[in-house]
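Keep in mind it's a predicted model, so treat the numbers as computed, not measured. When reading the values below, keep in mind they use all heavy atoms of this one structure, side chains included, and skip hydrogens, waters and symmetry mates.
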Amino acid sequence: MKTIITGLAVAATMTASAAFAESVIRFGHDNKTDPFENPAHACTAVFSNLVTADTNGSVTVEVFGSNQLGSAAEHVQQLQDGIIQATLTSTGALASYYPRIDVLNLPFAFDGNASTYAVFDGPFGAALKADIEAELSDVVVLGFPDTGGFFAVTNSKRPIADLADFDGIRVRTMTLPSHQKIMQSLGAEAYPLAWGEVYSGLQTGVIDGQMNPVPIISFANFAEVQQYMTLTNHLFSPYTFMMNRGFYEGLTDAERATVHTAAENCVTASRGLSRIIEASDRGLAGLMEKIEVTALTAEQRQAMAEAAQPAFEAHVTENMDAGALELLTMFKAEVAAANAANYLD
């Protein structure tokens, strides 16, 4: 509640023309406000510049990063209420409003980044967009930007290469039961913890490890409090880029076309920056100088997949509705096709 009140206070300090003009997009997200440090702000920076330029200023964008207007979950509610007009939200934050998003957490699904692009830009992405909009009638989905790539696991106890190595390691997860089930199936102790508490939790030993994409591990400075990292690549969890429907429908046809073009470029920017950070000294190359990195063999990754996937699918079957099961079936088929397409005959 305090963060919502703080966010509203920030919004109230805007000029009258900006605060109430239909042409202003207030864009909230929970990442740092440096477009060269994280994919979320790179996405919003590109979107903002293109919208403002290509509409000749008839639509402008004001970006509020670093939780200035509240948490990621609060942004979703603010979006539906029309307090903000756009947001990027993680699967964890969106799950409170749209539980079916959890189907994206099928572990060890993708073989590479190219497969993720094909799935989220293709028929499954279109079906997911339509389903979110049907369940959350006040939003329009504009795309699925990259949060930083595949998840890796870091910890302070030992290198992890096999299932047995997870034993006794307390790993922070999002507050998603599926993430907890995945870690438990691998043999770790799952410990849900708010993002803002992760660094201190690692520093004080409340948790032994955490899982996140490499760019996030890098810019969160986790190498200062972790000794080991394993490139498990077990999850790919994109943002969902959403806009308030009332605002969107109030735009002209030309302005809506510009918004869609800018959103596509936003997604591209998030992916491009993620890959650049991964390959640079701000990503994996830099982390390898600070932390011991383990890359799994195909056999080791397959053993983990065989442990985690049945536990995840049992969780979905037991706890989610028929609509989620339909999405999961389509997701698995589209992922399999995308993975197969990346291999040359």
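Between the side chains of Asn105 and His179, at least one donor N or O lies within less than 3.5 Å of an accepting N or O. Checked by atom type, the side-chain pair Asp131/Tyr98 shows a donor-acceptor distance below 3.5 Å.
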Take Thr294 and Tyr228 through the side-chain contact (heavy atoms from CB on, under 4.5 Å) test and state the conclusion after the steps.
CA-CA 8 Å; Thr294 299; Tyr228 309 100; over 6 Å; no
For a side-chain contact (heavy atoms from CB on, under 4.5 Å) check, start with the C-alpha distance between Asn342 and Phe110, then their side-chain angles and the critical distance, and finish with the verdict.
CA-CA 11 Å; Asn342 288 328; Phe110 292 101; over 6 Å; no
Please step through side-chain contact (heavy atoms from CB on, under 4.5 Å) for the pair Ile277 and Val214, ending with a clear verdict.
CA-CA 8 Å; Ile277 291 176; Val214 166; 5.8 Å; no
Please walk me through it: do Glu135 and Arg100 pass side-chain contact (heavy atoms from CB on, under 4.5 Å)?
CA-CA 10 Å; Glu135 294 295 310; Arg100 292 174 187 167; 3.6 Å; yes
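The cluster map of Ile, Leu, Val, Met, Phe, Trp and Tyr, joined by side-chain heavy atoms under 4.5 Å apart, puts Ile101 and Leu136 in the same cluster. Tyr191 is not connected to Leu176 by any chain of hydrophobic side-chain contacts under 4.5 Å among Ile, Leu, Val, Met, Phe, Trp and Tyr, and they are in different clusters. No chain of hydrophobic side-chain contacts below 4.5 Å, direct or via other Ile, Leu, Val, Met, Phe, Trp or Tyr residues, connects Met174 to Leu193. Residues Leu287 and Val153 do not share a hydrophobic cluster, defined by chaining ILVMFWY side chains whose heavy atoms lie under 4.5 Å apart. Neither Phe222 nor Val171 shares a network with the other; the hydrophobic side chains, linked directly or stepwise wherever heavy atoms of I, L, V, M, F, W or Y lie under 4.5 Å apart, form separate groups for each.
Residues Gln300 and Ala295 share a closest heavy-atom pair of OE1-O, 4.3 Å. Across every non-hydrogen atom of Val259 and Met243, the tightest pair is CG1-CE, 4.0 Å. Closest heavy-atom contact between Pro177 and Thr175: CD-O, 3.9 Å. Residues Pro310 and Ala305 come closest through the heavy atom pair CD-O, 3.9 Å. Taking each heavy atom of Phe144 and Val141 in turn, the nearest pair found is CZ-CG1, 3.9 Å. Residue Gln309 comes nearest to Phe108 through the heavy atom pair NE2-O, 3.3 Å, listed as atom of the first residue, atom of the second, then distance.
In terms of modelled atom types and a separation under 3.5 Å, the side chain of Thr258 and the main chain of Thr55 share no donor-acceptor contact. In terms of modelled atom types and a separation under 3.5 Å, the side chain of Asn212 and the main chain of Thr154 share no donor-acceptor contact. For the pair Asn244 (side chain) and Gly246 (backbone), a donor-acceptor distance under 3.5 Å is present. No donor-acceptor pair closer than 3.5 Å links the side chain of Asn233 to the backbone N or O of Phe150. Between the side chain of His75 and the backbone N or O of Gly70, at least one donor-acceptor pair lies under 3.5 Å. Between the side chain of Gln77 and the backbone N or O of Glu74, no donor-acceptor pair lies under 3.5 Å. The backbone N or O of Ala72 sits nowhere less than 3.5 Å from a side-chain atom of Asp30 that would complete a donor-acceptor pair. A donor-acceptor contact shorter than 3.5 Å links the side chain of Ser270 to the backbone of Val267. Counting only distance, with no hydrogens or angles, the side chain of Glu197 and the backbone of Ala194 share no donor-acceptor pair below 3.5 Å.
Taking the side chain as every heavy atom from C-beta outward, Gln210 and Ile217 approach each other to under 4.5 Å. Inter-residue side-chain proximity for Met183 and His234 is flagged as met; some heavy-atom pair is nearer than 4.5 Å. Looking only at side-chain heavy atoms (C-beta outward), Met304 and Phe166 come within less than 4.5 Å of each other. Looking only at side-chain heavy atoms (C-beta outward), Asp138 and Leu79 stay at 4.5 Å or farther from each other. Counting only heavy atoms from C-beta outward, the side chains of Met211 and Thr232 never approach each other to under 4.5 Å. Contact check for Trp195 versus Asn31: no side-chain heavy atoms found under the 4.5 Å cut-off. Counting heavy atoms from C-beta on, the side chains of Val198 and Ile207 come closer than 4.5 Å. Two residues are said to be in side-chain contact when any heavy atoms from C-beta on lie closer than 4.5 Å; Asn155 and Thr230 fail this criterion.
Taking the six-membered ring where the residue is Trp, His315 and Phe312 present tilted rings, their angle falling between 30° and 60°.
Atom CD of Glu289 is surrounded by 12 or fewer heavy atoms from other residues, nucleotides or ligands within 6.0 Å.
Within the structure, every pair that satisfies the side-chain hydrogen bond (donor to acceptor under 3.5 Å, both in side chains) test and touches residues 158-174, not counting sequence neighbours, is listed here: Arg170-Glu189.
Phe241 and Phe27 have their aromatic ring centers within a separation under 6.0 angstrom.
Salt bridge status for Glu224 with Lys290: absent, with no side-chain N to carboxylate O gap under 4.0 Å.
In this structure, Arg282 fails the cation-pi test against Phe219, since its NZ or CZ atom is not both closer than 6.0 Å to the six-membered ring centre and inside 45 degrees of the ring normal.
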Determine all donor-acceptor pairs shorter than 3.5 Å in which one atom belongs to a side chain in residues 46-53; sequence neighbours excluded.
from: Asn49; atom 1: ND2; to: Ala45; atom 2: O; distance (Å): 3.3
from: Thr52; atom 1: OG1; to: Ser48; atom 2: O; distance (Å): 3.0

Donor-acceptor contacts, no H, no angles, side chain residues 86-95, under 3.5 Å, sequence neighbours left out:
from: Thr87; atom 1: OG1; to: Gly28; atom 2: O; distance (Å): 2.7
from: Ser90; atom 1: OG; to: Ala93; atom 2: N; distance (Å): 3.2
from: Thr91; atom 1: OG1; to: Ser237; atom 2: OG; distance (Å): 2.8

Show the atom names and distances, to 0.1 Å, of all donor-acceptor pairs under 3.5 Å that link a side chain in residues 324-334 to residues at least two apart or in another chain.
from: Thr329; atom 1: OG1; to: Leu325; atom 2: O; distance (Å): 3.0
from: Lys332; atom 1: NZ; to: Glu313; atom 2: OE1; distance (Å): 3.0
from: Lys332; atom 1: NZ; to: Glu313; atom 2: OE2; distance (Å): 3.2

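Every residue two or more places apart in sequence or in another chain that forms a ring-ring contact (aromatic ring centres under 6.0 Å, His included) with His41 is listed here: His29. For the salt bridge (charged side-chain N to carboxylate O under 4.0 Å, His left out) test, no residue two or more places apart in sequence or in another chain qualifies with Asp102.
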